[in-house]
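What follows is a set of notes on a single structure, which appears directly below.
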Amino acid sequence: MNVTLSTGKVIPIEMHKVKIVQQTNLPSAAQRLEAIREAGYNTFLLRTRDVFLDMLTDSGTNAMSDNQLGAMMVSDEAYAGSESFYKLADSVKEVLGFQYLLPAHQGRAAEHLLAKAFVKPGDVVPMNYHFTTTKAHVDLAGGKVLEIFKDGALETASSNPFKGNMDPDKLKAVIAQYGVEHIPYVRMEATTNLIGGQPFSMANLREIKAIASQHGIPLVFDGSLISENAYFIQQREPEFKDATIQQVITELMKNVDIFYMSGRKSAAARGGLIATNNKKLYEQILPWLPVYEGFSTYGGMSTKEVEAMAVGLREMTIQSIASSGADFIAYFVRRLEEEGVPVVTPPGGLACHIDAMRFLPNMPQAQYPAGALAAAVYIASGVRGMERGTVSMDRDEQGNDVPSDLELVRLAVPRRLYTMSHIEYAVDRVKWLYGLRNLIGGLQFVEEPPVLRFFFGRMAPIGDWGEKLAAAFQADFGDTF
Ligand code: F0G
């Protein structure tokens with residue numbers, strides 16, 4: 001929620017109070033340099049003891065509510081028939097309107113089950129944009145992802161409120177080209193993670209659903225950030241300006257055949273699920289659930305997390321909770337814009353994204369600008385972000401790098417975790433780094449795994465720019481921070 005101060009300044013305000021805290025540590029620039037070296041210049045490989053603000057992801061890192069923690073204490077540990085499952089099923093029915101529920105240990109497990117049940121070799125899956133794990137599962141099943149976003153979706157400096165929209169004409173063309181028999185489903189991701197957490201509009205979803213239905217193709221909805229997409233629809237699409245988050249979600253779900261989500265984001269727990277009202281589709285997925293996840297009443301999740309997700313799903317429909325991350329992100333983006341730092345606009349649903357191609361305009365993608373910038377941000381601040389660029393794309397079959405559409409450094413804002421002074425600190429250090437951007441050099445792989453290389457790949461700086469950056473920091477700020 002935002003409030004307007006007497007000066008006219010608008011700030012996001014926390015609609016919660018802190019009950020339990022965890023100490024953090026702010027290592028010195030010398031310690032940060034040492035830590036990133038040990039991590040192979042890959043922020044995934046840092047230890048959290050070396051991280052001040054963990055903005056790697058909002059996945060599983062949101063602050064939980066007292067009601068969620070309370071529910072966890074009364075979970076029903078049973079292999080089959082757990083009452084915790086029925087509480088989650090009630091929430092799914094109430095909030096999302098689906099009768100059949102398949103729990104899974106997290107979002108990618110849901111993607112695995114969907115790919116296993118529906119994707120055959122030679123199939124194509126049209127989507128507004130891919131997510132890394134989504135693409136991996138479609139690829140592993142022998143299918144191919146087709147990204148059919150609208151023109152302008154990849155412009156990082158934009159005022160388009162719905163860069164996550166799918167292009168209906170491209171969808172029609174894909175159906176004509178490949179034939180319905182090769183399109184197991186059309187997937188809409190709310191909000192499109194890799195292009196900056198950008199939402200799609202209700203009007204767009206309705207249009208896409210109408211085309212898919214006309215051809216008998218199921219619409220799959222990735223709702224990992226559903227409450228954020230619903231919040232943006234309420235804020236940006238005039239038809240919904242007076243609607244509640246629940247009303248927007250109910251309207252969204254009218255267009256969905258299969259819903260799935262990572263429960264680690266909007267739902268502030270650690271789990272995942274698939275839900276549908278289509279018995280036939282449900283029965284196609286169900287047999288795979290015990291093979292890969294666990295019995296159908298826990299699906300690989302701890303029953304404590306099942307309980308937490310049941311509560312989290314209901315709470316994500318509360319206005320001040322649905323907006324809690326997005327309003328902080330909007331503030332973060334606005335402040336960096338004020339400082340002249342190139343960021344993705346409009347602000348999205350999970351993070352503040354820095355545009356590394358504009359931050360480091362002379363660096364070729366072959367030197368991984370987003371990876372280099374993520375490492376540089378860490379050296380400059382102890383803030384851990386995530387590379388979302390070419391490092392996050394695996395090589396093609398010929399072994400060539402696949403240059404990413406965008407080179408972004410994602411500074412995720414887990415919901416209700418960090419405060420305004422944390423955001424101001426991050427803004428200040430990124431601004432400082434922008435002033436010294438000419439110091440930042442590229443990266444090269446030292447160890448490179450074949451699949452999802454961004455997780456475990458190790459890199460080395462080209463030259464000694466890491467040392468130079470740490471030395472510049474010490475010169476400006478002294479030894480301590
Ligand atoms: N779909 C979307 C849109 C996601 O953002 C994620 C995860 C997944 C699916 C997979 O879910 O992690 O529970 O298996 N995004 C995380 C991130 C990892 O950091 O953005 P998961």
Side-chain angles (χ1 to χ4, degrees), residues 42-44 54-62 102-115 125 127-140 145 147 149 163-164 166 185 187-200 220-230 232 256 258-275 292-293 299-302 305-306 308-309 312-313 316 325 329 344 348-353 370 374 384-389 391-392 406 408-415 417 451-452 454-456:
N42 178 351
T43 55
F44 274 98
D54 196 357
M55 297 185 158
L56 183 76
T57 178
D58 62 337
S59 172
T61 53
N62 299 299
L102 300 130
H105 80 271
Q106 60 185 88
R108 68 199 67 187
E111 290 169 339
H112 179 212
L113 293 169
L114 292 176
V125 183
M127 30 186 100
N128 51 349
Y129 208 77
H130 79 277
F131 182 68
T132 52
T133 54
T134 326
K135 184 169 182 308
H137 283 298
V138 170
D139 287 352
L140 287 170
V145 165
E147 282 161 335
F149 46 83
K163 285 196 282 182
M166 184 180 277
Y185 52 86
R187 173 178 173 275
M188 290 292 279
E189 182 176 306
T191 60
T192 44
N193 187 323
L194 296 186
I195 62 172
Q198 301 295 313
F200 53 75
V220 169
F221 187 108
D222 178 341
S224 305
L225 281 109
I226 184 175
S227 69
E228 281 70 15
N229 204 116
F232 290 131
V256 175
I258 299 178
F259 176 92
Y260 81 91
M261 76 191 296
S262 166
R264 301 169 64 90
K265 292 179 174 248
S266 284
R270 280 146 293 260
L273 61 83
I274 303 174
Y292 291 110
E293 294 297 304
M301 265 191 273
S302 140
E305 297 292 343
V306 173
M309 212 158 106
L313 275 180
M316 76 181 186
I329 291 162
V344 173
L350 73 152
C352 169
H353 293 79
R384 165 160 80 161
M386 187 191 288
E387 192 272 1
R388 296 278 74 159
V391 177
S392 297
L406 299 174
L408 304 179
V409 174
R410 179 177 95 170
L411 300 176
V413 181
R415 295 155 196 78
L417 197 72
V451 182
L452 299 179
F454 62 91
F455 282 130
F456 303 119

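For the numbers below, each heavy atom of this structure counts, side chains included, while hydrogens, waters and symmetry mates do not. In each ligand, atom 1 is the first atom listed, and ligand 1 is the first ligand listed.
Between the side chains of Arg187 and Tyr129, no donor-acceptor pair is found at a separation under 3.5 Å. Using modelled atom types and a 3.5 Å distance limit, the side chains of Asn193 and Arg410 yield a donor-acceptor pair. No donor-acceptor contact under 3.5 angstrom links the side chains of Thr133 and Arg108, judged on distance only. In this structure, a donor-acceptor pair under 3.5 Å is present between the side chains of Ser266 and Ser227.
The pair Arg415-Glu228 meets the salt-bridge criterion, since a charged nitrogen lies less than 4.0 angstrom from a carboxylate oxygen.
Heavy atoms of other residues, nucleotides or ligands lying less than 6.0 angstrom from CZ of Phe455 number more than 12.
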Measure and list all N/O to N/O distances between ligand 1 and the protein that fall under 3.5 angstrom.
unit_1, atom_1, unit_2, atom_2, d
ligand 1, 1 (N), Asp222, OD2, 2.5
ligand 1, 1 (N), Ser224, OG, 3.4
ligand 1, 5 (O), Asn193, ND2, 2.7
ligand 1, 12 (O), Gln106, NE2, 3.3
ligand 1, 12 (O), Arg108, NH2, 2.8
ligand 1, 13 (O), Gly107, N, 2.8
ligand 1, 13 (O), Ser262, OG, 2.6
ligand 1, 14 (O), Gln106, NE2, 2.9
ligand 1, 14 (O), Gly107, N, 3.2
ligand 1, 14 (O), Arg108, N, 2.8
ligand 1, 14 (O), Arg108, NE, 2.6
ligand 1, 19 (O), Thr57, OG1, 2.6
ligand 1, 19 (O), Arg410, NH2, 2.6
ligand 1, 20 (O), Asn193, ND2, 2.8
ligand 1, 20 (O), Lys265, NZ, 2.8
ligand 1, 20 (O), Arg410, NH1, 2.8
ligand 1, 20 (O), Arg410, NH2, 3.3

